[in-house]
Protein chains: 2
Amino acid sequence: MRRDLDELINGNSVALRYSDDNSPDDQAKYLIPLEDFFQFGLSVDCVVFGFDGQDIKVLLIKRGVAPYKSYWALPGDLVYPQEDLNGAAQRVLENLTGIREVFMQQIKTFGKVDRHPLGRVLTVAYNALIRVENYEPRAAFWADNVQWHTLSELGDLAFDHNEILAKGVEKLKVRVRNQPLGFELLPVNFTLNQLQKLYEAVLGQPLDKRNFRKKILGMNFLVKLDAKQTKDTRRPAQLYTFDRMRYDELTHRGFNFEL
Amino acid sequence: MRRDLDELINGNSVALRYSDDNSPDDQAKYLIPLEDFFQFGLSVDCVVFGFDGQDIKVLLIKRGVAPYKSYWALPGDLVYPQEDLNGAAQRVLENLTGIREVFMQQIKTFGKVDRHPLGRVLTVAYNALIRVENYEPRAAFWADNVQWHTLSELGDLAFDHNEILAKGVEKLKVRVRNQPLGFELLPVNFTLNQLQKLYEAVLGQPLDKRNFRKKILGMNFLVKLDAKQTKDTRRPAQLYTFDRMRYDELTHRGFNFEL
DNA sequence: CCAAAAGTGTTACCTTTACACCCATGT
DNA sequence: ACATGGGTGTAAAGGTAACACTTTTGG
């Protein structure tokens with residue numbers, strides 16, 4: 001990876017000017033050694049959302065090592081040299097929860113110069129949605145603890161994780177209205193009341209039951225099952241499932257999900 | 001920046017397990033030397049949009065150096081070690097156009113292992129909106145040429161820039177409906193017909209003149225000026241300007257821009 | 001039989017869409 | 001005077017929002 005200056009200039013689009021200076025002499029004084037350009041650290045951090053039937057929760061780890069030892073933090077890790085970003089994010093989640101192929105979307109990249117005390121480490125942040133039923137707590141060896149946290153009860157997190165988390169929540173709120181994300185947080189089979197409670201939790205506002213049902217059923221991608229839920233309810237509730245094939249078909253025809 | 005293994009383990013959240021293995025022996029064989037984690041290159045690439053009154057254009061440079069010599073590419077550059085991401089993006093744009101404080105938004109980070117032939121280089125992509133009136137073409141020394149391109153007439157770009165550009169366009173289309181971005185592409189004073197043409201170009205569909213005006217004027221953040229535009233038109237057209245103060249005030253009160 | 005959650009329609013209101021002609025100016 | 005782009009209102013249709021009672025079960 002180490003290359004000499006000549007290769008650098010020919011091999012990368014390094015700008016040699018900070019200002020309007022144009023003469024070769026001026027350019028020379030702005031040259032920066034190549035090795036400085038391959039000194040970036042890279043991590044991924046995951047904002048992992050779950051839904052307990054009542055509230056949206058975020059999965060945090062308690063750091064067992066410095067820096068920020070014993071602070072709560074978003075689960076994350078450095079990216080391996082031969083690993084794609086998505087792959088790294090999936091690996092973090094699999095190590096933490098045992099779940100493969102978690103639903104994830106990139107949020108944003110955080111790159112402040114001083115965001116990590118040990119050097120220049122960028123982090124690519126991801127939103128991850130998991131079904132809590134499938135989740136089996138497992139603290140990684142570098143963490144003292146793993147726990148679900150309610151959004152309203154968060155203290156100071158490690159690094160710039162408060163900022164990252166806030167951005168993740170913001171994106172979730174926006175995306176949940178334009179994409180069928182909600183289903184990733186519920187059991188595969190769910191009742192309409194569960195679905196409504198989920199949307200109310202994410203959006204932070206109550207929804208009208210009849211209007212909600214009219215709208216969501218009118219979209220024609222929920223399948224009524226031959227089963228009812230009897231636990232946790234008095235009158236048994238009709239179970240539904242999300243038909244992704246049908247959804248994809250509809251969207252390709254120009255249909256637009258919007259709650 | 002270089003640290004030994006012990007510091008690595010204590011100083012960063014490096015996961016030592018790829019799989020479910022837990023014993024210390026198994027862990028050991030997955031250890032990766034620290035220096036590998038600070039070998040990432042980092043660049044920013046800008047999708048620079050302009051509007052010529054008719055079509056949306058993208059500013060591309062023709063690369064003067066390998067790799068991809070003489071391919072068209074998004075303007076971009078490696079990030080300096082002591083420079084924030086936004087700062088790097090602004091620098092690229094200032095070098096290219098002479099404009100400071102360009103309106104920019106992060107699009108996404110592209111990090112495929114093999115996206116850059118010379119090593120592991122991530123790129124953080126930005127959308128930039130500029131007023132073409134202010135732009136004065138200026139090829140950087142590492143570029144043979146700089147030119148506005150129509151979106152429908154693009155060939156194969158360097159690196160993964162076709163993919164990045166497509167993502168930038170997609171984001172622009174979404175955001176222009178939820179945020180008052182359009183005004184960044186027009187002169188400070190503009191006519192409603194110019195504004196409408198802009199939206200039609202971005203969204204790729206014709207809009208009804210009367211409905212468009214009703215809606216946009218109803219939002220109450222356009223200020224009618226005491227001036228008319230007489231060039232390029234028969235009947236002089238009323239000029240308006242975007243009142244950002246008013247807009248911010250409205251949004252803080254719960255108003256929601258949506259076209 | 002009572003408590004608790006499930007389920008179900010109608011109406012008023014607001015937003016969106018469709019649509020056609022007159023106006024001011026330059027040539 | 002005419003060609004060109006600027007400017008204006010209304011009505012029908014569709015979508016959203018408000019609202020209350022009956023049903024089914026477990027205890």
Side-chain angles (χ1 to χ4, degrees), chain A residues 51-55 176-178 182 186-187 189-201 203-241 250 254-259, chain B residues 51-55 176-178 182 186-187 189-201 203-241 250 254-259:
Chain A
F51 180 62
D52 66 0
Q54 207 60 42
D55 296 303
V176 84
R177 303 190 74 127
N178 309 317
L186 290 175
N189 302 335
F190 52 85
T191 70
L192 293 182
N193 285 305
Q194 288 176 307
L195 186 62
Q196 184 180 338
K197 283 236 173 77
L198 168 61
Y199 273 96
E200 290 176 332
L203 301 176
Q205 58 177 330
L207 300 171
D208 181 88
K209 184 158 57 161
R210 282 177 286 192
N211 292 338
F212 178 80
R213 284 165 182 242
K214 228 182 303 170
K215 194 159 195 174
I216 203 88
L217 288 175
M219 292 180 181
N220 283 315
F221 52 68
L222 290 193
V223 180
K224 189 187 274 197
L225 299 173
D226 276 339
K228 306 225 169 192
Q229 182 163 65
T230 50
K231 271 209 311 191
D232 304 329
T233 177
R234 292 304 167 105
R235 175 173 172 181
Q238 179 63 51
L239 284 167
Y240 290 83
T241 196
L250 286 167
F255 158 87
N256 231 328
F257 179 90
E258 212 164 293
L259 190 88
Chain B
F51 180 62
D52 65 359
Q54 207 60 43
D55 295 303
V176 84
R177 304 191 74 131
N178 309 317
L186 289 175
N189 302 336
F190 51 85
T191 70
L192 292 182
N193 285 304
Q194 287 176 309
L195 186 61
Q196 183 180 341
K197 283 235 173 78
L198 169 61
Y199 273 97
E200 290 176 332
L203 301 176
Q205 58 177 333
L207 301 172
D208 180 88
K209 184 160 55 162
R210 281 178 286 193
N211 294 337
F212 178 79
R213 283 165 183 242
K214 228 183 304 170
K215 194 159 196 175
I216 203 87
L217 288 175
M219 291 182 182
N220 283 316
F221 51 69
L222 290 193
V223 180
K224 189 187 276 198
L225 299 172
D226 276 338
K228 306 224 171 193
Q229 183 163 64
T230 50
K231 272 209 309 190
D232 304 329
T233 175
R234 292 304 169 106
R235 174 172 173 179
Q238 179 63 53
L239 284 167
Y240 290 83
T241 196
L250 286 168
F255 159 87
N256 232 329
F257 179 91
E258 211 163 293
L259 190 89

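Note that this is a predicted model, so its numbers are computed, not measured. Just so we're on the same page: letters track the sequence lines, and every chain starts at 1.
For A:Thr233, taking side-chain heavy atoms from C-beta onward, the closest of the listed nucleotides D:dG6, C:dA6, C:dT25 is C:dA6. Checked against C:dA24, D:dG6, C:dT16, the side chain of B:Ala237 finds its nearest nucleotide in D:dG6.
In this entry the distance linking CG of A:Leu203 with P of D:dA17 reads 12 Å, nearest Å. Atom CG of B:Leu225 and atom P of D:dG6 are 16 Å apart (whole Å). As a whole-Å value, the separation of A:Gln238 CD from D:dT25 P is 12 Å. Distance, A:Lys209 NZ to D:dT23 P: 14 Å, rounded to whole Å. Spacing between atom CZ of B:Phe212 and atom P of D:dG7 amounts to 13 Å, rounded to whole angstrom units. Straight-line distance from the NZ atom of B:Lys224 to the C1' atom of D:dG6: 12 Å, rounded to whole Å. Between the CD atom of A:Gln205 and the C1' atom of D:dA17 there is a distance of 12 Å, rounded to whole Å. The nearest whole Å value for the distance from the CZ atom in A:Arg177 to the C1' atom in D:dT16 is 12 Å.
For A:Asn193, no side-chain nitrogen or oxygen approaches OP1 or OP2 of C:dA5 to under 4.0 Å. Look at A:Lys214 and you won't find any side-chain N or O under 4.0 angstrom from OP1 or OP2 of C:dG9.
Judged by distance alone, with hydrogens and angles left aside, the side-chain atoms of A:Glu200 form a donor-acceptor pair with the main-chain N or O of A:Leu207 at under 3.5 Å. The backbone N or O of A:Gly53 sits nowhere less than 3.5 Å from a side-chain atom of A:Gln194 that would complete a donor-acceptor pair.
Nearest-nucleotide positions on DNA chain D for B:Leu217 and A:Arg234 put B:Leu217 closer to the 5' end. If you find the closest nucleotide of DNA chain D to B:Asn211 and to B:Lys197, the one lying nearer the 5' end belongs to B:Lys197. Residues B:Arg235 and A:Lys228 each lie close to DNA chain C; by heavy-atom proximity, the contact nearer the 5' end of the strand is made by A:Lys228.
Summarising the geometry, atom CG belonging to A:Asn220 is positioned 6.5 Å from atom CG belonging to A:Leu250; distances are rounded to the nearest 0.5 Å.
Judged by distance alone, with hydrogens and angles left aside, A:Arg210 brings no side-chain donor or acceptor close enough to the base of C:dA6 to form a pair under 3.5 Å.
The 12-atom threshold is not exceeded at CD of B:Glu258, counting heavy atoms of other residues, nucleotides or ligands nearer than 6.0 Å.
Note on ring orientation: taking the six-membered ring where Trp is involved, the planes of A:Phe255 and A:Phe221 are perpendicular (angle over 60°, cut-offs 30° and 60°).
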